[in-house]
Amino acid sequence: MTSEPIANYGVLSDCRSAALVSASGSVDWLCFPRFDSPSVFGRILGDDAGYWSIRPAAPHSSTRRYLGPTMVLETVHTTAAGTVTVTDALVLGEGSRGHELGAGAPGTLLRHVACTDGEVEMEVTFAPRPEYGLVRPLLEDTATGIFVHGGADVMAFSTPVPFDFEGGQAQAKPVLRTGDVLGFALHHRNAGPVPPPFWSQEEIARRLEDTLEGWDSWSQLHQSYDGPWQDLVASSGRILQALTFYPTGAIVAAPTTSLPEVVGGTRNWDYRYTWIRDASMTLQALWVAACPDEAGKFFQFLASAAAGRLSNGDDLQIMYGIGGERDLSERELAHLPGWCDSAPVRVGNGAWDQRQLDVYGELLDAAAALPEYLNDLEPGTRHFLADAADAAASRWQSTDQGIWEVRGAPRHYLHSKLMCWVAVDRAISLAGILNAEERVPYWIQTRAQLAGSILLNGWNETAHAYTQAYGSEDLDASALMLSIVGFVAADDPKMLATIDAIEDRLTDSRGLVYRYQADDGLTGKEGTFLLCTFWLAHALALAGQNRRARTVFERAAGFATDLGLLAEEVAPDSSELLGNFPQAFSHIGLVNAAWAIRTAEDKDAPAAARDEGTP
């Protein structure tokens, strides 16, 4: 059974695809050539789905880190006889720097092994299994490496040492002494007339250095946040860049599929897509921790992918493939048992055609965050954004599935009404840019109707809080967005009561926040959501309760791994990380909450200085 803790993995990226590498040195997840391609290594979802392990043969201890401000992973293994360093990277395009990070990436996983002290026997096991483990490929030994033929994939495995072959895998046990270096590279190319190349040891070393320089150049150009938790914010910015698909600017919610929200349960989803739901929060996080140019490219992708969707009276689609694909039909991979026997393993996402009215607000809020980029949009796209506001204005009284994609009966979810309000509110401010001044009176009227409905029906006196849905007493963390998006003042008495209710009654014993605890039609109890805990910190900061905000923030941030990676959830009965990993939404929440706390503390600083008599 595959049970390596999710927190034990580090992520590699070439801004096109991703790999997960365990602390013990095994690549247990790799999709080529895109994030959403079938896996080549998939052992995280099943023991027979392929892996590539490099580790000492003898008992050893290990430490790891990212090398400087990069996504290149270094793991140091120490045995009684010596020390060896393994450096792992998905190779960037040669010379790719700054904004061009991800351009020309060759689809190559590189692993560099160096003995820095003593003598160490290594165990190298190479067991590719393309198409999520369905293909047991032919391994063809050559003078310069191993050709891998299987299904639609052809790969070249560059190796300086000979391998033995048995059972569809290759194994080697090289002995390294102080100063010895071995470079391995797996180069992918879809089947075609030109085979993928083998790389020399010199080429492997050179491309590793070039990849380090590429990531460093991006960080130096983009990361200028100066404030509390600077290292965590910077790390989160790099992770968001690592989850970006360079050709389009799309950002995947996570680079994995079917890592469960409940161990042994069925809440297992494919997150290798882009959600409009995440848009405005993503843009704010990119602005803080990365660069407005990346934010602009992401918005251009969303606007282009969604354009035309409303022309036939259709709802705005809630998510898209990273190339802009719309059909994300879900299927199950019955041959995979899933992580910790958490089946089914799913590819695609059945929520793609759900009705979620909140997406109109997220799209318009994203546009409002980047007004300078709207002037470069085609007139048709600007017209589409105005139509999206009209759609929110005409459909807000309908039921939907809500932000959490509940697979039950549609309801009047508070958050959906709120984001329809955001859609028309932002459209009013953007009317000139959208060439839609004539629509403003209608939007103003609708905004007032929405506000009245939310204030009247969203508040529940019995719960003494804004609740999940109209007529419901159930709490929902998304109610924290009421102040975050500016619908109500952060210190409004009912908003403060909602914050208190969520902190008191929608948290576990550690103070981590659940999304909700109402019945959602699925079996099993999910973990607490790190994003929602960061939302609580964000709302507290806006309300001027800075000490409480810091406490809540640090509570959530404490679940970052040694590499600074955040999962989606934390198990309710342990500290085990759950859900697809690393989770973009959690890192987005961290960045935005850190910024809110910094802003609140900066605002309070002059008053504190005056109180202390500082000139």
Side-chain angles (χ1 to χ4, degrees), residues 5-8 229 232 254 259-269 339-340 342 402-406 414-415 460 463-469 472-481 484 495-541 543 545 547-561 565-583 585-590 592-594 597:
I6 291 170
N8 282 7
W229 310 289
L232 277 174
L259 296 182
E261 297 175 10
V262 179
V263 175
T266 61
R267 299 170 184 258
N268 317 321
W269 319 113
W339 182 81
C340 287
S342 301
I403 182 177
W404 305 126
E405 298 167 5
V406 175
L414 171 67
H415 181 264
N460 185 280
H464 199 60
Y466 288 102
T467 54
Q468 183 179 65
S472 170
E473 296 179 16
D474 295 316
L475 297 176
D476 191 305
S478 63
L480 294 166
M481 296 301 294
I484 292 175
M495 189 67 229
L496 293 176
T498 300
I499 290 173
D500 289 343
I502 288 172
E503 188 168 23
D504 292 342
R505 309 199 306 269
L506 198 61
T507 55
D508 67 4
S509 60
R510 299 162 296 194
L512 299 175
V513 180
Y514 291 99
R515 293 190 298 178
Y516 55 84
Q517 291 189 305
D519 179 36
D520 59 6
L522 296 171
T523 59
K525 183 180 179 181
E526 65 185 20
T528 52
F529 263 62
L530 291 175
L531 167 69
C532 296
T533 310
F534 286 123
W535 278 352
L536 177 58
H538 194 153
L540 285 166
Q545 300 189 26
R547 289 185 181 178
R548 284 176 69 189
R550 271 186 167 266
T551 298
V552 172
F553 181 97
E554 290 173 354
R555 186 180 299 149
F559 286 91
T561 71
L565 304 178
L566 290 169
E568 183 177 36
E569 302 181 28
V570 180
D573 53 356
S574 71
S575 296
E576 185 165 43
L577 301 184
L578 295 173
N580 286 303
F581 181 80
Q583 175 69 222
F585 228 175
S586 298
H587 287 282
I588 290 164
L590 181 150
N592 292 340
I597 293 170

Filter on salt bridge (charged side-chain N to carboxylate O under 4.0 Å, His left out), then keep only pairs touching residues 499-508, sequence neighbours left out; what's left? D500-R548, E503-R548, D508-R510
Pairwise side-chain contact, [X] with [Y], heavy-atom cut-off 4.5 Å (strictly under):
| X | Y | value |
| --- | --- | --- |
| Q517 | L506 | yes |
| R547 | T551 | no |
| R515 | E261 | yes |

Quick one: [atom1] on [X] to [atom2] on [Y], what's the gap to the nearest 0.5 Å?
| X | Y | atom1 | atom2 | result |
| --- | --- | --- | --- | --- |
| N268 | T266 | CG | OG1 | 6.5 Å |
| D474 | T467 | CG | OG1 | 7.5 Å |
| S472 | L414 | OG | CG | 10.0 Å |
| R267 | L578 | CZ | CG | 11.5 Å |
| L536 | I499 | CG | CD1 | 7.0 Å |
| L496 | L540 | CG | CG | 9.0 Å |

For S586, which residues count as a side-chain contact (heavy atoms from CB on, under 4.5 Å) partner, sequence neighbours excluded? L530, L566, Q583
Could you check whether the rings of W535 and F585 sit parallel, tilted or perpendicular, using 30° and 60° as the cut-offs? perpendicular
Non-hydrogen atoms of [X] and [Y] that approach each other most closely:
| X | Y | answer |
| --- | --- | --- |
| A541 | A549 | N-CB, 3.7 Å |
| A560 | L232 | CB-CD2, 4.3 Å |
| A479 | T498 | CB-CG2, 4.0 Å |
| E526 | Y514 | O-CE2, 3.7 Å |
| T533 | G511 | CG2-O, 4.3 Å |
| L577 | A7 | CD1-CB, 3.7 Å |

Could you check N592 against H538 for side-chain contact (heavy atoms from CB on, under 4.5 Å), going step by step and ending with a plain yes or no? CA-CA 7 Å; N592 292 340; H538 194 153; 4.1 Å; yes
What residues form a ring-ring contact (aromatic ring centres under 6.0 Å, His included) with F581, not counting sequence neighbours? none
Just to verify, which of F559, F553, W229 counts as forming a ring pair (Phe, Tyr, Trp, His ring centres under 6.0 Å) with F534? F553
With sequence neighbours excluded, tell me which residues meet salt bridge (Lys or Arg N to Asp or Glu O under 4.0 Å) with E568. none
Only counting residues at least two apart or in another chain, list the ones meeting salt bridge (Lys or Arg N to Asp or Glu O under 4.0 Å) with E473. none
According to side-chain hydrogen bond (donor to acceptor under 3.5 Å, both in side chains), who are the partners of T528, at least two apart in sequence or on a separate chain? none
Donor-acceptor check, side chain of N580 to backbone of L259, threshold 3.5 angstrom: yes or no? yes
